[in-house]
Amino acid sequence: MSSGFADLTVQAHQLVSEGDLTGAERLLADALSDADPRPDNASPELAEAAGLQARVLVALGEPHSARGWAAFAYAAATRLFGRSDERTVTAAATLAAVLHRVGSDARAARLYSDVIIELTARDGPESQRVLAAHADLATVEYARGQCEVARDRLQDAWELHREVYGDGHPSGIKMLAKLGAMERDCGRYAEAHEHLTLAEELCRLHLDPDDPLAAQVAGLARAAADPDHVCPAPPPPPAPAPEPPPARTTPVVPAARVPPQDEGPHDLPPYSPPALDEPVETPLYHPPGRAAETAHVPTPRTAPDADADALDDYPWPPDEPAEPLWRPGADPLPPTVVGLTGDEPDGVRRVPPAPPEPPSRYLPVHVPRPPAAERRTLPWLPLVVLGVVVALLLGTIAVIAGVSRVDDRRDTPPPATGAPPSSAPPTSAGPAPSTPAAAKPGTPPGSFTLTDRRDSIVLSWTYPPGAEGPVVVAGGRAGQPQGTFATLPAGSADYIAYGLDRTTDYCFTVALVWSTDTVARTGPVCTKRRR
């Protein structure tokens, strides 16, 4: 059975290379009709035949028929070879393309992310397969409504592809044309026109006139924007917090009226208390909107003329004391003050009342004043003054000493020898700057550390002094062979790896190329996510 599937797969590949997709599909369909549908029992030849059948069906425009074979091939390859094997990565990319065409964009995006991680660990971030996988993931993100993320990803992939592989590579031209179509659908007409025009110019310069890609780019440049595409609106900015009301420094009286400045303070009339028999004319408080009513007194007051009669029934005590009690109707003044109303008794003088003062036009207003700040003595002021005096004295002594030394040199005769005096200025007494010694050839980078940020991993090391070679960063999943991640220029001391799985452990090494024969590597440093 295994050799039969191997021979059929070779024949199907031959038909595909000849352009006979229908013949290849029929050949594979007849062979796969009797195969065991369980991926756990699949052989490597059966998994490869199922994956080829899925790719042929996608090319024929039948993604729904290809979905089952693509899922079968991916599950079988994962069981047989593991997730990092080349055949498993190819099956994952095929299943992601099929899922995107049938509308399962969420799962397709996850599969494309896994493909990018595996290919980056195997080929490096600048390989054509990694950049093509980024472009496919951008297409899926664009279909999910993540327009800005998709455009940024596709533009970064095209710019890196152009920098590494040049302007004339067909994959880069395809990325550029797809980016222009996205921008046109999103209403960015100026950027879309620029990119589509550049894609047509690159096709004219680097491709044959009858190349199918040139015809596709020309048709895409002349197409209209998709009327059904709507970019999601950005989330509104958070509303600013309301400002607190300003604090009031003075109390507010609701019913007070503030007079204009030109009106000045009001003159208050002199106060005259009302007579006992006169009704108080002070109006009671009436709520707004309610007509004034006659003041209601809970206990009516008896008329003045009937006061005496009203108190006649009060049970007064008998007239036992020598001094009769005062009753309201008997005398207008109580007996305790009767003697003070007539002539002055002996030893008693009447104090004349002070003449009334005119009422003040201004009410007393209390003005709060902050207490005067206490003057604090500065204990360190004498020390500062003493320090300044000492510094002046030292400066004066230094000047005098310098003048004296100059005078002594003038008075000293020149030496008797005929050697000319040295004209070199005196050198400074400070220590000379020290430069680190050059490292021995073959010394690896030092202080290699790893910082795990889940979404990215930061690598840092110390570049040996005196070295001039490039730095090669390699890494991969823990327990598996490492691939080259990046080649950095001389003097580089850090690197950040993006797009890695958040739950998988990775190991990294850094190598310094001293020469074609001498390469010094650091020991591997690994993440510890699963512990």
Side-chain angles (χ1 to χ4, degrees), residues 1-13 16 21 24-123 129-130 132-133 136-137 139-140 143-144 476-481 499-506 530:
M1 180 65 68
S2 299
S3 60
F5 272 113
D7 295 339
L8 288 174
T9 304
V10 173
Q11 296 177 18
H13 276 293
V16 170
L21 298 178
E25 188 274 331
R26 291 175 181 174
L27 178 62
L28 292 172
D30 294 339
L32 294 172
S33 60
D34 298 332
D36 190 344
R38 292 172 295 181
D40 293 341
N41 300 332
S43 62
E45 293 79 6
L46 177 58
E48 184 180 358
L52 179 58
Q53 176 72 336
R55 293 193 293 273
V56 171
L57 289 172
V58 170
L60 291 174
E62 300 180 10
H64 291 279
S65 301
R67 182 172 185 175
W69 292 117
F72 178 88
Y74 176 64
T78 303
R79 182 187 64 84
L80 292 170
F81 315 117
R83 292 183 176 274
S84 301
D85 189 82
E86 181 77 21
R87 291 161 287 187
T88 307
V89 174
T90 302
T94 302
L95 179 57
V98 172
L99 291 174
H100 170 55
R101 283 167 174 78
V102 299
S104 299
D105 292 324
R107 191 181 174 197
R110 291 195 297 269
L111 282 173
Y112 274 129
S113 298
D114 295 340
V115 170
I116 291 173
I117 293 172
E118 298 298 340
L119 291 180
T120 302
R122 178 179 296 274
D123 302 339
R129 295 198 301 173
V130 171
D136 293 336
L137 178 57
T139 303
V140 175
R144 299 184 65 190
R477 293 178 181 266
Q480 297 182 4
L500 303 181
D501 188 9
R502 297 172 58 90
T503 60
T504 304
D505 283 325
Y506 294 89
R530 298 180 179 176

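In what follows, residues are counted from 1 in the order of the sequence shown.
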Criterion side chain to side chain contact (heavy atoms under 4.5 Å, CB included) on His100 and Thr139, from CA distance to verdict:
CA-CA 9 Å; His100 170 55; Thr139 303; 3.8 Å; yes
Going through the distances and angles, do Glu86 and Arg122 end up as a side chain to side chain contact (heavy atoms under 4.5 Å, CB included)?
CA-CA 9 Å; Glu86 181 77 21; Arg122 178 179 296 274; 3.3 Å; yes
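Atom CG of Asp85 and atom CD of Glu118 lie 10.0 Å apart (nearest 0.5 Å). Rounding to the nearest 0.5 Å gives a distance of 12.5 Å between CD1 of Ile116 and CZ of Arg129. For the atom pair CZ of Arg55 and CG of Leu28, the computed distance is 10.0 Å after rounding to the nearest 0.5 Å. A distance of 10.0 Å separates CZ of Arg477 from CG of Asp505, quoted to the nearest 0.5 Å.
Thr88 places no side-chain N or O within 3.5 Å of a backbone atom of Ser84 that could act as its donor or acceptor partner. For Arg67 (side chain) and Leu95 (main-chain N/O), no donor-acceptor pair under 3.5 Å exists by modelled atom type. Side chain of Thr504 to main chain of Leu500: no donor-acceptor pair is present (N/O by atom type, distance under 3.5 Å, no hydrogens or angles).
A salt bridge links Asp36 with Arg38: the closest approach of a Lys/Arg side-chain nitrogen to an acidic carboxylate oxygen falls below 4.0 angstrom. Contact check on Arg144 versus Asp105 returns no salt bridge, with no Lys/Arg side-chain nitrogen under 4.0 Å from an Asp/Glu carboxylate oxygen.
Across every non-hydrogen atom of Ala92 and Tyr74, the tightest pair is CB-CE1, 3.5 Å. Contact record, Leu21 with Ala59: CD1-CB, 3.9 Å, taken as the closest heavy-atom pair. Across all non-hydrogen atoms, the minimal contact from Ala54 to Ala66 is O-CB, 3.5 Å. Contact between Thr94 and Gly51 at its shortest, heavy atoms only, is CG2-O, 4.4 Å. The minimum heavy-atom distance linking Ala12 with Leu27 is given by the pair N-CD2, 4.0 Å. The two residues Tyr112 and Ala133 come nearest to each other via the heavy atoms CD2-O, 4.4 Å.
Within the 4.5 Å cutoff, the side chain of Val58 has heavy atoms near those of the Arg101 side chain. A heavy-atom distance below 4.5 Å is found between the side chains of Leu32 and Leu46. In this structure, the side chains of Thr90 and Glu48 stay at 4.5 Å or more apart for every pair of heavy atoms. Under the 4.5 Å side-chain criterion, counting only non-hydrogen atoms from C-beta, Ser113 is in contact with Leu137. Taking 4.5 Å as the limit, some side-chain heavy atom of Phe81 sits within range of a side-chain heavy atom of Pro44. Counting only heavy atoms from C-beta outward, the side chains of Tyr506 and Ile117 approach each other to under 4.5 Å.
Heavy-atom neighbours of Arg79 CZ from other residues, nucleotides or ligands within 6.0 Å: above the threshold of 12.
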